[in-house]
There are 2 protein chains.
Amino acid sequence: MAAKIPSVWAREQRQPDQPALSRASIVREAITVLDAEGIEQLSMRKLGSRLNAGATSLYRHVATKEELLELAVDEVFGEMTVPDPGPDWRADVTAAALSFRATALRHPWLSSVLAQAGLAYLGPNLMAHSNRLAALFAAAGFADPDRGIYTVLGYVTGMSTTEAAWLTTVARSGATEAELVARLLPAARRAAAGYAHLSAASGDDETDPAEVRETKFRNGLEVVLNGLALTLTR
Amino acid sequence: MAAKIPSVWAREQRQPDQPALSRASIVREAITVLDAEGIEQLSMRKLGSRLNAGATSLYRHVATKEELLELAVDEVFGEMTVPDPGPDWRADVTAAALSFRATALRHPWLSSVLAQAGLAYLGPNLMAHSNRLAALFAAAGFADPDRGIYTVLGYVTGMSTTEAAWLTTVARSGATEAELVARLLPAARRAAAGYAHLSAASGDDETDPAEVRETKFRNGLEVVLNGLALTLTR
DNA sequence: TTGCACTTGCGTACAGCGTGCGCAGCTGCG
DNA sequence: CGCAGCTGCGCACGCTGTACGCAAGTGCAA
């Protein structure tokens, strides 16, 4: 009732009520939808109505859906932490790699977008992330820091992408990860039959699949870091 | 005029003329479109009319567009070669990695599909590829062949995905790779300014970008293989 | 105080998408 | 000869991204 009266009060109320549809709020809400429902469920109409706005209103703040995705990607890069260079470069790189992986698994759509559009983004968070990563390898004393960066980043993105895709499959199935593994096992065994070197492994359902994945990631990373260490002492 | 007469001849002519819309021919044509126009340009309607068929006719042979993409992925995995295990496991793995990369770059949509759907495919070509890869690491004498597989595969897929995404960007820009690099350089420099460890490198436009990419790929792979070699001698 | 430029949001509309459904015609078997 | 089953197609539904033009509100200039 009082709300209907147009007055200073109403206007003051309105500001905290509706953040006025800014670019930042759009990106934030987009990430929420992406995380909750996946990339193919994000539509401009749905996003608009979640912000109490029409679909086309969003286009005042964002040129295109693709640009919105770019902004979301850069935003998410801001969640990745890279430590300041310390005495143990391996620990630092490992921490950065794990943070990358954790972020990619928290936002499984990240990999899809990156795979389709590449890293020609140049957003501020992405640049800062690259810079901090470069600092790590430079401080460690590598003759060619670039090589360290792209080798580690290649491994990390590849591994994270595969994992994220799997998690997406799990999410879409509605089951837990362990359940889906169990359900797919017969088919996998059938498919692996006749191939001498494929096991479709593991009857021991003791170990948590998520733990297994993280161990795999760490093991592979260790291999990469060992390889890189060789280029240091030489 | 003669063509209008319904007869054995007409029917016999028809067979080589129209391969009758089989699953295989649909997948083949889909790959052609995907290669030529990219993943977001593939529509069931377009695919149908290219095969002289209505859009919905395809659904007699393929349950859904997503399934069609899975079939295309497996088909393309058939193009990847993995050598039989020889005396030099590093050479063998390198050859397999380069073939994977070459295939992924020839079909840049591959990475997008894999990133979205993961490797829960179990198609025959994919299984055969994995098996041959496993054979390589087993023959090399690794205690844990799996680790070699997923480490190398992680690096290779990550690197190839990034490259494929970049090539997609290049293709969409309409320019050559070198031109696009030159065009993006100012923006990249601007973005890199203020970051101590980022160069936005290279004024020497002498070297072919494609060659640079391949060298990077090989260098990183060398690092990974060096790391793996350490787990062998131990 | 008045007026004007500018920003912001919205409604409508268009072309295109994946695909469910039911009908028509051809093929091969009894 | 007739019928079952497979193949292809036209239509229709609900959805998509987004171009366009109008209305309302805002802040600065005169």
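Worth saying up front: this structure is predicted, and the values here are computed from it rather than measured.
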Rounded distance (Å) that lies between atom C1' of D/dT16 and atom CG of A/Leu58
14 Å

What is the distance from CD of A/Glu40 to P of D/dC15, rounded to the nearest Å?
16 Å

Spacing between A/Arg23 atom CZ and C/dG9 atom C1', to the nearest angstrom:
17 Å

In whole angstrom, give the distance that lies between atom CG of B/Leu21 and atom P of D/dT7.
10 Å

With sequence neighbours excluded, what pairs up with B/Arg106 under the salt bridge (Lys or Arg N to Asp or Glu O under 4.0 Å) test?
B/Glu79

Distance in angstrom units between B/Lys46 NZ and C/dT19 C1', rounded:
18 Å

Can you sort out the partners of B/Thr215 under side chain to side chain contact (heavy atoms under 4.5 Å, CB included), two or more places apart, ordered by chain and number?
B/Asn219

Which atom pairs link the protein and nucleotides 17-19 of chain D when you take only N or O atoms and keep those under 3.5 Å?
unit_1	atom_1	unit_2	atom_2	d
D/dG17	OP1	A/Lys65	NZ	2.7
D/dG17	OP2	A/Met44	N	3.0
D/dG17	N7	A/Arg45	NH2	2.7
D/dG17	O6	A/Arg45	NH2	2.7
D/dT18	OP1	A/Thr64	OG1	2.6
D/dT18	OP2	A/Tyr59	OH	2.6
D/dT18	OP2	A/Thr64	OG1	3.4
D/dT18	OP2	A/Lys65	N	2.8
D/dT18	O5'	A/Tyr59	OH	3.4
D/dT18	O4	A/Arg45	NH2	3.4

Sequence-distant partners of A/Arg213, side-chain hydrogen bond (donor to acceptor under 3.5 Å, both in side chains), two or more places apart:
A/Glu163, A/Glu177

In this structure, how many angstroms lie between the P atom of C/dC10 and the CG atom of A/Leu47, rounded?
13 Å

Protein-nucleotide distance (A/Leu68, atom CG; D/dT16, atom C1'), rounded to Å
15 Å

Considering residues at least two apart in sequence or located in another chain, which fulfil the ring pair (Phe, Tyr, Trp, His ring centres under 6.0 Å) criterion with B/Phe100?
none

Between C/dC26 (P) and B/Arg60 (CZ): distance, integer Å:
16 Å

Could you check whether B/Glu67 pairs with B/Arg23 (Lys NZ or Arg NE/NH1/NH2 to Asp/Glu carboxylate O, under 4.0 Å)?
yes

Set of residues satisfying side chain to side chain contact (heavy atoms under 4.5 Å, CB included) with respect to B/Leu69, sequence neighbours excluded:
B/Leu34, B/Leu42, B/Val113

Terminal axes of the helix from C/dT1-D/dA30 to C/dG30-D/dC1 (five pairs each): angle between them, nearest 10 degrees
10°

Which comes earlier along DNA chain D counting from the 5' end, the contact point of A/Gln41 or that of B/Ser57, where each point is its nearest nucleotide?
B/Ser57

For residues 33-49 of chain A, which residue pairs pass the salt bridge (Lys or Arg N to Asp or Glu O under 4.0 Å) check, not counting sequence neighbours?
A/Glu37-A/Lys46, A/Glu37-A/Arg50, A/Glu40-A/Arg172

Sorted by chain and number, sequence neighbours left out, side chain to side chain contact (heavy atoms under 4.5 Å, CB included) with B/Thr161 holds for A/Ala115, B/Ser111

Any Lys/Arg nitrogen of B/Arg218 or B/Glu214 sitting under 4.0 Å from an Asp/Glu carboxylate oxygen of the other?
yes

Please check the phosphate of D/dG8 (OP1 and OP2 only) for any side-chain N or O of B/His61 closer than 4.0 Å.
yes

